[in-house]
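Here's the structure, in structure tokens; my notes come after.
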Amino acid sequence: MNEYNPQEIEPKWQKQWRKRNQFAAADDAKMKKFYCLDMFPYPSAAGLHVGHPEGYTATDIISRYKRMRGFEVLHPMGWDAFGLPAENFAIKTGVDPNTSTHNNIENFRRQIQSLGLSYDWSREVDTSTPAYYKWTQWLFLQFYEHGLAYRKKAKVNWCEHDQTVLANEQVVNGACERCKNPVVQRDLEQWFFKITDYAQQLLEDLDAVDWPEPIKAMQRNWIGRSEGAEIDFVLAQPPVKRFILIHGKGGSPMSNFLPWLQSELTKRGYEVQVPVLPNTEAPDLEEQVQAVLQQCTLDEQTVLVGHSFGGLVALRIAETKKLASVILVSTPATANFLDGKARPTVAKAVQYPFSFVHIRNNVSRLHVLFDSGDYVVPESDGQLWADRLQAPYTLVQAQTPHFSGVQEPSVLQAAVPMITVFTTRPDTLYGATYMVLAPEHPLVSQITSAQQRLAVEEYIAATKKKTDLQRTDLNKEKSGVFTGAHAVNPSSGRRIPIWIADYVLGTYGTGAIMAVPAHDERDFEFAKKFDLPIVCVIEPDTLTIQSTALPGTAQFDVDEQKVLKDILVGKSVYAGGGNLINSGEFDGEDSEEAKWKICEKVGGRKKITYRLRDWLISRQRYWGAPIPMVYDPEGNIHPVREEHLPLLLPNDVDFRPTGDSPIARSVEWKERAEKLYGNGWRFENDTMDGFACSSWYFLRFCDPKNTEMFAAPEKLKQWMPVDMYVGGAEHAVLHLLYARFFHKALQDFGLIPAEVGREPFGALRNQGMILGPDHQKMSKSRGNVINPDDVVNEYGADTLRMYEMFMGPFEEMKPWSTESIKGIRRFLDRVWRLKEKVQKDVTEEKATVSELHRTIKKVTEDIDRFDFNTAISQMMIALNLFEKQPVISQSVFELFITILSPFAPHITAELWEQCNFEGEIAQQPWPEYDEELVKETTVNMAVQINGKMRDTITLAVDSSENQARDAAMQSEKVQKHIEGKSVVKVIYIPGKILNIVLK
RNA sequence: GCCCGGGUGGCGAAAUUGGUAUACGCACAGCACUUAAAAUGCUGCGGAGCAAUCCAUGCCGGUUCGAGUCCGGCCCCGGGCACCA
């Protein structure tokens, strides 16, 4: 008898499988396909972790099982090879990331191959190779062309340590997900993918996939859909009746935004006059002023809106007329402050300087509006006006430079300042006693009063200095500052103050809220602190109080009255529903029913808001796929031409992070851009987030060698979607959300056939984390790391595989045990020795065959359910029984090792060969079980008296109640308990229980 | 705070629709084999009790002939989100 020696047989079989590439997936559209995928690993220097084989074994069991069931299985492996660790290693040691990454891959591949996993190695992909990232870049261009990739200046998360920006998903509690250092906010121009366009689909389509519920919940949470309304609050200001719109040089009442603005204002009930001005091509200021005075009515309820040169006309008028308001829209500076160096037309037209003192005295509200992209009048002029007039200054991006668009909403916004809020509770509108803007809200500078300016600016500066961590610290007291401005509550008409506070986020909703302190905890806290009015508008129904405000206690009635009173007088918050009070015509109505009526009354719009933000993909790092964009000498963006892909990473790079992309320092990179595109052209220096590379690798596996396309449609049709996807739960909202977005977008671009469906991963399972033997998370510093190499050397790969499957439920966290693993090795030793009992042409007892069939059934069902641990325990039960038999038939042994083979492929292949069974075990069909043999004929059944177990009886499964009763009466124990009492009732569930109820 | 998981022997765990709680494995103990040890095999193994029996699935209560499983309330552990209007 030879001994079981995994060190000898495992390499033997692995070599054979690899040599023949035995598990290659054939592109054969006629076969039933099964795509079984692992989340491909980042090849770290530390090598394989025991957590990796857990998922890999599960998919391997599934793959081998499905093959035996007649499926053509695609089971690939690859490398998520771009990433920071390789670059950090390069900074420390000078070793090129390309070299270190490929060394790590060699090691990972060796380790993975030592586990006997049935991958199709001919499909291996590596995201850091030009052959792969060419297509990552090509896909980026598709996103760009479809308007789903854009560059924008935004407040972004900046990791000081890694010197790069991060996506929202990569910031955990205000710290970098990777290095745990605090993340600060920076205003930077960055590339984004417009994932928000897919928010609704990403949410809805979750319903249809077979994923763990917690993961679905996390994604839903992250997308964060809220149904509510947008409501406009008009700024309270001196009464305004009339607008006079004054056009600029070369303009007319019909030019630019004037007709649109006129109609918008008329719609809002204002009188609008648009004078026709003489000599518009070569304007004379005094002449135009006279024209306005002749054509228009001017009084203290009049607002002048002057576009460009028209602003000068308005100002000259304001020197002598009392006016409500003057708004300058991109009005050029004059000799007043340019020492006579104003533009020639302006200098010629304006013969004497403006009297700012008179203007300030005559006009209640002045406002200066400029366009940041203006090339007619520089935005610096706006700053000068604002200084001299001591007026609020707003810099925006006009629809068309110099506000030449047909519609210019920012002009309307300046004319009728309006704050739009998002709320999910329009029913509480009457209770809105103040408003809060986020400190970064664009309207802040415009509305802030002169008195409050300093305080507001200080507060904004303080907010900017804070890290996200400090700003979102929940224990922190509310802070904020009054802007000096008021708005009108559109329901009640009451004047309410406008504050700014950092508890309102600039990035969610409209960046502004209506505060309802009586019914919102945060607003309540803020109102308390700053002594703002609290008006209760919903009378809670007592039932709701019972469940929300008070845990059930004995002195319930007393407390209930008190709680109700506190809410009514504003001493306590109440966030629930009930009947409206203090709400004018809506008093007495149910809050839920009145919600949309109130919204409608004030001109609010139903609105759905998502928490999800666009995906920031620029990284100021080297080791990633370069973003394939070029800038011309004027700074305009152009896509890199397709024939220039892949846009190769330069090799002459100093990796040290400085906050700029390291590739910017490459000479070759600079030269290449100029050579390909011309003098003064330069490439985008940022690289893409690694998650962009991993968002489509499952598509590449379908057609990994294609040099013409990222993947051919017929190959995608053949294999997609992934039927089973296995990996760690840590990717719940990162990789899995991004990959779903890619899949949907690419399908909408026509790159993925419709037959594939809208979701890339039909079924998903998460392996639970494996802890160290000390029940702690494995870490080098704790010294509790188990190295898979050591386990394979000591016990063999089959033992490692089976132990990891036997440890506990697949999806749960479980500790490694250096003792328990011996039990699995013992099991395999015993399976090995069982071959000594195998004889041809013997018929064993029916019980043995029955147990085999029960085992086939259990293992089959358990594999489908990912209950690998109980599948293994059933095989142990079967083995325990087989060992007790003097001989085992060949057929029983064959079937037994066949169902064991997906779990322990090496030992079973070797046994198959040594026993000279026909063919190869991996090619056997999966055994069917015989339902008749699975059935038990007799059972050991419990007999209960009054629900307490008293004895067991053995009888045929299909016994009648009377037979069972008779059998039970034979039992002395049962007789003893029944003695002297009368039987009230007998409950008999065949095969399960007989319960005799006594009085 | 909100949303998910989970609490069962000394340990990892099982119990699929309410029906013999603790399968399977580890550890431990005894025995056999051996000069001896290892390996292997056999037996025992929730707690209390001589036994009959009683008590045990985080805690309290309920429904039921019968609850680890269902319902209500609470405690603890793990994960996710977190001023999202």
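If you're wondering where the values come from, they're calculated on a predicted model, not measured in any experiment. Chain letters run A, B, ... following the sequence lines, proteins first, then strands; residues in each count from 1.
Across the protein-nucleic acid pair, A:M802 atom CE and B:G12 atom C1' stand 15 Å apart, rounded to whole Å. Atom CG in A:N869 sits roughly 15 Å away from atom C1' in B:C26 (whole-Å rounding). For the pair A:N940 CG and B:A23 P, the computed distance is 15 Å after rounding to whole Å. Computed from coordinates, the A:F868 CZ to B:A14 P distance equals 14 Å when rounded to whole Å. As a whole-Å value, the separation of A:F526 CZ from B:C83 C1' is 12 Å.
Look at the P atom in both B:A51 and B:C45: the space between them is 13 Å, to the nearest Å. B:G62 and B:G30 are spaced 47 Å apart, taking the P atom of each and rounding to whole Å. Here, B:U69 and B:A52 have their P atoms 28 Å apart, quoted to the whole Å. Rounded to a whole angstrom, the distance from the C1' atom of B:U8 to that of B:A67 is 14 Å. Across B:C75 and B:U16, the matching P atoms stand 29 Å from one another, rounded to whole Å. Across the C1' atoms, B:G10 and B:C28 are found 9 Å apart, a figure rounded to whole Å.
Under the Watson-Crick or G-U wobble criterion, with both distances below 3.5 Å, B:A29 is paired with B:U43. Nucleotide B:A14 has no partner under the Watson-Crick or G-U criteria, as no pair reaches both atom distances under 3.5 Å. Applying the Watson-Crick and G-U wobble criteria (two distances, each under 3.5 Å), B:G5 pairs with B:C77. Pairing of B:U57, defined by two Watson-Crick or G-U wobble distances under 3.5 Å, is not identified with any nucleotide.
Looking at heavy-atom distances under 4.0 Å, A:I877 makes contact with sugar-phosphate atoms alone, never a base. Heavy atoms of A:T423 sit under 4.0 angstrom from primed sugar atoms or phosphate atoms, though from no base atom. Residue contacts for A:R950: at a heavy-atom cut-off of 4.0 Å it reaches the sugar-phosphate backbone alone, with no base atom in range. Contacts of A:D867 with the nucleic acid, taken as non-hydrogen atoms under 4.0 Å apart, are absent. A:K216 comes within 4.0 angstrom of no nucleic acid atom, judged by non-hydrogen atoms across all strands. Nucleic acid contact class of A:V516 (heavy atoms, under 4.0 Å, all strands): none.
Cation-pi geometry between A:K478 and A:F526 is not met at under 6.0 angstrom from the ring centre and within 45 degrees of the axis. Remark: A:R740 is positioned above the aromatic ring of A:W211, its terminal NZ or CZ atom under 6.0 angstrom from the ring centre and at most 45 degrees off the axis.
At the phosphate of B:C26, neither OP1 nor OP2 sits under 4.0 Å from any side-chain N or O atom of A:K822.
In the displayed structure, A:K973 atom NZ is contacted under 6.0 Å by at most 12 heavy atoms of other residues, nucleotides or ligands.
Of the two residues contacting RNA chain B, namely A:I215 and A:M941, the nearest-nucleotide position lying further toward the 5' end is that of A:I215. Between A:R826 and A:G511, the one whose closest nucleotide on RNA chain B sits nearer the 5' end is A:R826.
Residue A:E54 is tested with A:R801, A:M769, A:E804 for a side-chain contact (heavy atoms from CB on, under 4.5 Å); the sole match is A:E804.
With B:U53, B:C24, B:A13 as the candidates, the nucleotide lying closest to the side chain of A:M876 is B:C24.
B:G47 takes the anti form, because its glycosidic angle lies more than 90° either side of 0.
Under 3.5 Å, the side chains of A:R611 and A:N221 contain no donor-acceptor pair of N or O atoms. A donor atom on one side chain and an acceptor atom on the other are not found under 3.5 Å apart for A:N940 and A:T952.
Residue A:R865 places a side-chain atom within donor-acceptor reach of the base of B:U16, judged by atom type and a 3.5 Å distance cut-off alone. In the interface, the side chain of A:E819 is not paired with the base of B:G12 through any donor and acceptor atom under 3.5 Å apart.
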